Amino acid sequence: MPQITLPDGSIKSFDHPVSAFDVAMSIGERLAKACVGCLIDEELCDLNTVIENDCTLSLVTEKTRDKQDDPNALFLLRHSAAHVMAEAIQRIIPGAMLVYGPPLENSFYYDIAFPEDRPLREGDFEAIEAEMSKIIKEDRPFTRYELEYAEGIKKVESEGSKYKLDNAHRAHEAGSLSLTFYATGEPGKDWEDLCRGPHVPSTGRIGAFKIMSLASSYWHGDENSDRLTRVYGTAFFNKKDLKAHLERLEEAKKRDHRVLGKKLHLFHIDETVGQGLILWTPNGAVIRKELQDFISAELTKQGYHEVFTPHIGKLDLYRTSGHFPYYAESQFTPLIERDFMVKLSDEGCSCSHLSNYINKGEIDGFMLKPMNCPHHIKIYDSQPRSYKDLPVRLAEFGTVYRWEQSGELNGMTRVRGFTQDDAHLFCTPDQIGQEMQGCLSLVKTIFNILGMSDYRVRVGLRDPDSCKYTGEPANWDKAEQACREAAQTLGVPFTEEPGEAAFYGPKIDFIVKDVIGREWQLGTVQVDYNLPERFDLSYIGADNEKHRPVMIHRAPFGSMERFIGVLIEHFAGAFPVWLAPEQVRVLPISEKSNEYAHEVMSALHAVGIRATMDNHDQRVQAKIKNGSEMKIPYLLIVGPRDAQSRAVSVRAFGTEKDLGQMPLDNFVSAIREEYRTKGRSCVRDRFTPTAV
RNA sequence: GCCACUGUAGCUCAGUGGUAGAGCGCACCCUUGGUAAGGGUGAGGUCGUGAGUUCAAAUCUCACCAGCGGCUCCA
């Protein structure tokens with residue numbers, strides 16, 4: 001007879017099997033009504049699951065004890081909402097075949113195969129939502145039943161969906177001896193679905209929902225398999241939470257770097273220039289320049305040497321590196337030499353012949369560089385190197401070009417031309433550990449000064465089952481071990497992920513999320529034993545023999561484009577003084593103060609501060625509003641009172657009221673210091689009570 | 001590359017077959033002001049591109065280009 005241990009440690013004993021709901025009732029009717037599911041020995045289950053043996057039981061309600069949303073409750077809710085949506089869709093489009101419909105962190109989806117002559121369109125959403133509302137209003141129970149595998153598979157077969165049959169086979173292969181089904185209502189009478197569950201007790205528990213969007217997906221994520229339609233929705237226990245969720249999405253949109261990029265004039269993408277090609281407008285260029293200067297200074301401290309290399313290189317270079325022709329698909333088409341084209345043409349070469357030549361790599365010409373390493377390798381190799389010269393650290397803000405699929409392009413975060421803060425370190429095997437640590441400390445320095453702490457670290461290892469990697473397994477083992485050890489010294493948690501290595505070596509990546517929760521890889525540090533091999537690099541050791549150096553590729557920002565895209569969202573466009581394109585705007589109260597405002601602006605310009613003046617014929621209230629909307633760090637209001645005392649009235653971004661008046665000279669030196677120290681010293685600090 | 005949606009003034013958007021609209025921004029005028037929008041006047045658009053249907057297309061159809069969301073990909 002079951003003894004049930006509750007989360008507070010108390011034990012309830014029963015002399016007969018009971019459902020979790022019964023247990024809840026034994027505690028209180030209100031609790032039982034509030035329950036949507038339960039955890040039995042930590043496993044999420046239906047509320048009416050019958051308990052026969054001793055176990056721990058935790059009841060799942062909408063909110064946890066500390067009044068937070070319970071992720072388990074939302075999981076049950078959204079999984080159930082997916083069923084309701086699927087039923088509604090099948091009512092409206094009877095030929096639709098269900099594939100897979102899981103809950104997600106904030107939403108759920110259902111992958112569905114629609115008949116070719118009746119695809120789903122956004123215009124159908126309203127009708128589907130209306131059907132869903134009906135089903136919810138009927139408050140039908142989610143009823144689980146289980147069939148022996150043989151019997152169950154017969155049932156699934158009779159329904160004639162290869163997708164569900166596949167799901168059943170997979171469940172079986174995973175070791176399941178039976179198949180479970182959920183009827184929305186009464187089995188055999190109401191709509192039902194092969195599903196492992198669990199669900200909320202009944203459809204009526206779905207308080208608020210919304211169908212969000214349509215997307216296409218591939219069956220099993222395989223692009224050669226069937227194309228499915230993925231319908232996204234979200235659900236909450238009440239309308240208020242749904243509303244709050246939708247408002248959060250709206251707020252996130254305002255932080256989106258593509259929206260802010262336009263509003264603050266940071267960058268421009270022009271379709272006549274080409275998709276995925278960023279034009280840095282003056283404001284964005286300031287941010288990029290500041291960051292580049294900052295990192296250059298850090299690199300100098302670490303003993304790097306800056307180099308410059310061209311944007312193209314001969315195809316032979318990339319044959320040696322392995323980029324051409326094996327990664328032709330993700331590179332821009334080669335630039336073919338004119339003489340070679342003429343020769344081909346004289347030989348009667350057709351377009352398809354040419355395409356074949358390119359695919360096989362049998363042409364001469366140049367390529368837009370997809371990576372900087374081959375050029376840097378050639379700089380290393382341009383002179384003999386002694387072990388005493390190592391490590392050789394070559395750095396370049398190098399622009400590279402990659403042919404990303406059109407559907408992948410995204411603002412500044414996924415582009416076809418981008419500038420990496422790239423460097424390649426050539427060192428002895430013994431030096432790897434120390435050099436890796438140097439790279440990682442650089443990354444930490446940068447993230448710290450920018451206040452970016454919300455990132456994760458991934459150690460990318462090779463996939464043991466794949467053959468896409470070049471190089472000796474023994475070298476890979478060494479390199480992977482070096483990455484692991486370096487990651488351990490970083491002092492932040494990291495995950496090891498097989499299959500995430502580059503084709504030439506393992507790596508450590510820094511990954512951040514954008515405003516809508518998408519992950520982007522920023523900085524990366526990679527160990528490479530292979531390119532030195534391919535290019536036959538060497539140095540002379542103490543033994544007077546030739547030895548092979550090891551390369552480390554590293555780019556702590558990743559690319560200027562992606563990094564600044566993420567940075568715009570990180571700061572929500574409100575950049576600190578050292579990065580702000582417009583650091584100070586002077587707002588004369590009226591035309592009468594224009595002359596003094598000009599003087600103030602000149603004083604700031606004289607010390608290198610980026611200041612402008614708003615001499616529009618408007619009231620100061622309007623100028624403040626405009627200046628605030630442009631997220632300018634400091635607005636200086638200057639009127640006759642200020643002119644008389646050679647002072648400025650200071651308003652800092654993000655503060656409701658102004659900070660007060662300050663002598664002009666003091667402000668100039670204070671903001672200069674804030675700029676120089678990247679915010680460690682701050683104009684605001686001068687307004688502490690003691691200073692005034 | 002795939003599926004859906006979107007493309008109208010510098011920006012944000014309304015307009016669903018019959019003479020192109022609003023707000024902001026811009027120019028000019030009035031106003032000369034003290035901490036988040038003073039008032040007025042005006043300029044500004046081949047409605048993404050190309051074809052088709054129609055007496056008539058921003059609006060309907062097709063193709064292409066681009067953007068957005070997702071899938072796949074990211075050496």
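What you see is a predicted model; the values in this text were computed from it and never measured. In the text below, chain A, chain B and the rest are named by the order of the sequence lines, each starting its count at 1.
Counting any heavy atom pair closer than 4.0 Å across all strands shown, Glu591(A) reaches a base atom. At the heavy-atom level, Arg562(A) lies nowhere under 4.0 Å from the strands shown. No contact: Tyr326(A) has no heavy atom under 4.0 Å from any strand. If you check every strand for non-hydrogen atoms under 4.0 Å, Ser628(A) touches a base.
Taking a pair to require two hydrogen-bonding distances under 3.5 Å in either a Watson-Crick or a G-U wobble arrangement, U35(B) remains unpaired. Using the Watson-Crick or G-U wobble rule with both distances under 3.5 Å, U41(B) pairs with A27(B). Searching all strands for a Watson-Crick or G-U wobble partner of A14(B) with both distances below 3.5 Å returns nothing. C73(B) makes up no base pair with any nucleotide shown, lacking Watson-Crick or G-U wobble contacts both under 3.5 Å. Base pairing annotation: U54(B) forms no Watson-Crick or G-U wobble pair, as no partner gives both donor-acceptor distances under 3.5 Å.
The minimum heavy-atom distance linking Ser107(A) with Gly233(A) is given by the pair CB-O, 3.1 Å.
Interface residues of residues 640-649 of chain A facing RNA chain B, ordered by number: Pro640(A), Arg641(A), Asp642(A), Ser649(A); criterion, heavy-atom separation under 4.0 Å. Less than 4.0 Å separates RNA chain B from at least one heavy atom of each of the following residues of residues 263-285 of chain A: Glu271(A), Gln275(A). Less than 4.0 Å separates RNA chain B from at least one heavy atom of each of the following residues of residues 246-261 of chain A: Arg258(A).
Per the geometry, CD1 belonging to Ile624(A) stands 15 Å off C1' belonging to G38(B), to the nearest Å. Going from atom CG of Leu587(A) over to atom P of A37(B) covers 14 Å, rounded to whole Å. For the pair Phe687(A) CZ and U35(B) C1', the computed distance is 14 Å after rounding to whole Å. Between the CD1 atom of Ile211(A) and the C1' atom of A4(B) there is a distance of 13 Å, rounded to whole Å. C3(B) atom C1' lies 13 Å from atom CD1 of Ile112(A), rounded to whole Å. When rounded to the nearest whole Å, the span between CG of Leu409(A) and P of C73(B) equals 16 Å. As a whole-Å value, the separation of Glu122(A) CD from G70(B) C1' is 11 Å.
Of the side-chain N and O atoms in Arg518(A), one or more sit less than 4.0 angstrom from OP1 or OP2 of G69(B). Distances shown here put a side-chain N or O of Ser406(A) below 4.0 Å from the OP1 or OP2 atom of G1(B). In terms of phosphate contacts, Arg651(A) brings a side-chain nitrogen or oxygen within less than 4.0 Å of OP1 or OP2 of A36(B). For Lys262(A), a side-chain nitrogen or oxygen approaches OP1 or OP2 of U12(B) to under 4.0 Å.
Every residue two or more places apart in sequence or in another chain was checked for a ring-ring contact (aromatic ring centres under 6.0 Å, His included) with Tyr218(A), and none qualifies. In this structure Glu251(A) satisfies the salt bridge (charged side-chain N to carboxylate O under 4.0 Å, His left out) test together with Lys254(A), sequence neighbours excluded. Qualifying ring-ring contact (aromatic ring centres under 6.0 Å, His included) partners for Tyr163(A), counting only residues two or more places apart in sequence or in other chains: Trp219(A).
Residue pairs meeting the salt bridge (charged side-chain N to carboxylate O under 4.0 Å, His left out) criterion with at least one partner in residues 261-270 of chain A, sequence neighbours excluded, are absent. Sorted by first and then second residue, the salt bridge (charged side-chain N to carboxylate O under 4.0 Å, His left out) pairs involving residues 502-512 of chain A (not counting sequence neighbours) are Arg458(A)-Asp509(A), Lys507(A)-Asp509(A). Applying the ring-ring contact (aromatic ring centres under 6.0 Å, His included) test to every pair with at least one member in residues 102-132 of chain A, sequence neighbours left out, gives these pairs: Tyr109(A)-Tyr232(A). Note on residues 515-533 of chain A: pairs passing salt bridge (charged side-chain N to carboxylate O under 4.0 Å, His left out), not counting sequence neighbours, are Arg456(A)-Glu519(A), Asp514(A)-Arg518(A), Glu533(A)-Arg548(A). Residue pairs meeting the side-chain hydrogen bond (donor to acceptor under 3.5 Å, both in side chains) criterion with at least one partner in residues 629-640 of chain A, sequence neighbours excluded, are Lys625(A)-Glu629(A), Tyr634(A)-Glu674(A).
Contact annotation: side chain of Ser216(A) to base of G70(B), donor-acceptor pair present below 3.5 Å. A donor-acceptor contact under 3.5 Å is not formed by the side chain of Tyr218(A) with the base of G70(B). One cannot find a donor-acceptor pair under 3.5 Å joining the base of C74(B) and the side-chain atoms of Arg416(A).
Taking only side-chain atoms of Arg414(A), from C-beta outward, the nucleotide of G69(B), C71(B), C74(B) with the closest atom is C74(B). Of all nucleotides listed (A36(B), G70(B), G33(B)), G33(B) comes nearest to the side chain of Lys592(A).
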Expected rows: protein N/O vs nucleotides 25-29 of chain B N/O, under 3.5 Å:
from, atom 1, to, atom 2, distance (Å)
C26(B), OP1, His616(A), NE2, 2.8

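Taking NZ from Lys164(A) and CG from Leu98(A), the interatomic distance works out to 5.5 Å, rounded to the nearest 0.5 Å. To the nearest 0.5 Å, the span separating CD1 on Ile624(A) from CD on Gln618(A) amounts to 11.5 Å. To the nearest 0.5 Å, atoms CH2 (Trp520(A)) and OG1 (Thr413(A)) are separated by 3.5 Å.
A donor and an acceptor atom, one from each side chain of Glu396(A) and His376(A), are located under 3.5 Å apart.
With hydrogens and angles ignored, the 3.5 Å screen pairs a side-chain donor or acceptor of Glu129(A) with a backbone N or O of Ile211(A).
When side chains are defined from C-beta on, Ser645(A) does not count as touching Pro663(A), because their heavy atoms never get closer than 4.5 Å.
Between Asp166(A) and Lys162(A), none of the side-chain N atoms (NZ, or NE/NH1/NH2) sits under 4.0 Å from a carboxylate O, so this pair counts as no salt bridge.
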